There are 2 protein chains.
Amino acid sequence: MNTHTKVSTVQRIESVLMEEISVGELSPGVRLDETGLAERFGVSRTPIREALSRLTAQGILVPGEKRGVFVAEYSRQELSQIFEAMHEIEAACARIVSQRLNLLARSEIEAAQTECLAAAQAGDRAGYLRANEAFHIAIYQATGNPYMEEIATEFRRRTGPFRAKKFETKDDLIRSAESHQALIDNIFSEDSATASNGMRTHMTESFMQTLKVN
Amino acid sequence: MNTHTKVSTVQRIESVLMEEISVGELSPGVRLDETGLAERFGVSRTPIREALSRLTAQGILVPGEKRGVFVAEYSRQELSQIFEAMHEIEAACARIVSQRLNLLARSEIEAAQTECLAAAQAGDRAGYLRANEAFHIAIYQATGNPYMEEIATEFRRRTGPFRAKKFETKDDLIRSAESHQALIDNIFSEDSATASNGMRTHMTESFMQTLKVN
DNA sequence: CGGCAGTATTTTGTATACAAAAACAAAAGT
DNA sequence: ACTTTTGTTTTTGTATACAAAATACTGCCG
């Protein structure tokens, strides 16, 4: 449960499942099976149960009414509510960043945007998904507040499988990468209202596009 | 793990520990002991381990470097960062409520405030702590967004033991309850900027007072 | 053919056992 | 007296066993 240098079986299982969920390999609504996973990972049920229990404690999995655990799924309304909360967090992050931007954080955001543009120009979808996440995470880290980062990242993870569906064509990637520039300009404007409103605009567009493909 | 009508041993243990942590009975930094808890609850180590693991997954407990789990504690700086994040969430909640306040939510907030005033006038500290939490939770629920409610409640839980220390005398209770009135006026003003700025003022005062006693 | 009861199977929650790692205490060496 | 080594105890992580609950399947009856 608490090894620092050696990753415990529980941690390993938890990480693998989390990754599969966040990239959509394990789709919302899918049932996870203790004994099947025990065979898959070559361990007893004990660490499987612990990993599954930890993931339910984090809301990533949800228990069935009587039995079974399932990958959390969201209705259209729930997704709207999640986006609303995410919208507020992202706007707050943008405001905080605009008020305390330092050279290092600024260069990290710009480097992340450079990666986004490169992946988009190359039509590399998987690379773009990664670069897009890294771009947003650079903004959260620029807040200098790990708790803001943690919440924002958690919302990103929850919406990840749904947002990913809006990136299909090379044009989709390019359009998204280019929209980051306006966002950066707003955040770097040193005006907190401009920064948070710029992020609100960006998140509203993201939400509208996500609704279209889900 | 997922019984709806019957509370499992794991859930029971988790709830009891969570409650003890949030009221400060289990202080930050205290070590929790599997075998001691197994004796205390009259069960084997298995459900204890699962409950402890779930609480570490939620950040409520933290693993030691090599062994043991401890109630999470926060430095002054960490507490500041948590308050900053909490401040943003609470301001966002106030803004959302001011934009969509309905009669039921309004009456629930006012009823919660009535309870606060009564507990304060009676000098009932424990009652006031409960009523104060219920007041803020009524605001979160008035957002109509369970995700906003969830995050805000989580921050309240994290800061609970620290905030509780500022309520010692009857005067402390009365002052706090009276400060809610300004907050309510701002939220009910139907102006979202007034609502969020009112909440920012309230949270800033709460933070300053909390720093004084911690 | 549909519904019900009984049986078999699967899933879940927990207890217990075992082995490895970490911590502590005592003894031996310098 | 201090340090190192060895032995003992405690803690941790996992496997296995057991019992209870839930579900699926089959056969019988109206």
Side-chain angles (χ1 to χ4, degrees), chain A residues 1-21 25-73, chain B residues 1-21 25-73:
Chain A
M1 186 159 62
N2 53 338
T3 53
H4 270 241
T5 54
K6 184 160 159 42
V7 176
S8 71
T9 305
V10 173
Q11 286 171 325
R12 178 164 60 90
I13 294 162
E14 189 176 340
S15 297
V16 170
L17 293 180
M18 240 173 166
E19 175 65 23
E20 289 181 0
I21 290 164
E25 258 178 65
L26 280 178
S27 304
V30 163
R31 185 176 181 279
L32 298 192
D33 164 45
E34 283 180 17
T35 54
L37 288 173
E39 279 169 30
R40 172 179 161 192
F41 287 96
V43 298
S44 76
R45 276 174 58 228
T46 308
I48 298 288
R49 286 183 55 77
E50 190 173 328
L52 294 182
S53 191
R54 287 174 64 90
L55 291 170
T56 66
Q58 294 166 74
I60 294 167
L61 299 180
V62 294
E65 289 230 340
K66 295 286 170 69
R67 57 199 322 195
V69 295
F70 301 82
V71 178
E73 58 188 333
Chain B
M1 187 161 62
N2 54 338
T3 53
H4 269 239
T5 53
K6 184 159 160 38
V7 175
S8 72
T9 304
V10 173
Q11 286 170 325
R12 178 165 59 91
I13 294 162
E14 190 177 339
S15 296
V16 170
L17 294 180
M18 241 175 164
E19 174 65 21
E20 288 180 0
I21 290 163
E25 258 179 67
L26 279 177
S27 305
V30 163
R31 186 176 180 281
L32 297 192
D33 165 45
E34 285 180 16
T35 54
L37 288 172
E39 280 169 31
R40 173 181 161 192
F41 286 97
V43 297
S44 76
R45 274 174 59 227
T46 309
I48 298 288
R49 286 183 55 79
E50 190 174 327
L52 294 182
S53 191
R54 287 176 63 90
L55 291 170
T56 66
Q58 293 166 74
I60 293 166
L61 300 180
V62 294
E65 288 233 338
K66 293 285 170 67
R67 59 201 317 197
V69 296
F70 300 82
V71 178
E73 57 187 334

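These numbers come from a predicted model, not from an experiment. Every chain is numbered from 1 and lettered A, B, ... according to where its sequence line falls, protein lines coming before strand lines.
- B:Glu14 and B:Gln58 share a side-chain donor-acceptor pair at under 3.5 Å.
- Here the C1' atom of nucleotide D:dT14 and the CD atom of A:Gln11 are 14 Å apart, to the nearest Å.
- Between the P atom of D:dT10 and the CD atom of B:Glu39 lies a distance of 12 Å, rounded to the nearest Å.
- Atom CD in B:Glu65 sits roughly 12 Å away from atom P in C:dA22 (whole-Å rounding).
- At whole-Å resolution of the value, CG in B:Leu52 and P in C:dT14 are 14 Å apart.
- Taking the nucleotide of DNA chain D with the nearest heavy atom to each of B:Arg31 and A:Val43, the more 5' of the two is matched to B:Arg31.
- In this structure, the CZ atom of B:Arg67 is 13 Å from the P atom of C:dA21, given to the nearest Å.
- Side chain of B:Lys66, nearest nucleotide from C:dA23, D:dT12, C:dT14: C:dA23.
- Here D:dT12 is the nucleotide among D:dT12, C:dT16, C:dT11 with the atom lying nearest to any side-chain atom of B:Arg49.
- Atom CD of A:Glu34 is separated from atom P of D:dA22 by 15 Å (rounded to the nearest Å).
- In this structure the side chain of B:Thr9 reaches within 4.5 angstrom of the side chain of B:Arg12, judged on heavy atoms.
- Proximity note for A:Ser44 (side chain, C-beta onward) versus C:dT11, D:dA17, D:dT14: the nearest is D:dT14.
- In this structure, B:Thr35 and B:Ile48 have side chains that are not in contact, with every pair of non-hydrogen atoms separated by 4.5 Å or more.
- Rounded to whole Å, the distance from CZ on B:Phe70 to P on D:dT11 is 12 Å.
- Residue whose closest nucleotide on DNA chain D sits further toward the 5' end, between B:Leu32 and A:Thr46: B:Leu32.
- Between atom CZ of residue A:Arg40 and atom CD1 of residue A:Ile13 there is a gap of 9.5 Å, rounded to the nearest 0.5 Å.
- When the C1' atom of C:dT14 is taken as reference, atom CZ of B:Phe41 falls 16 Å away, rounded to whole Å.
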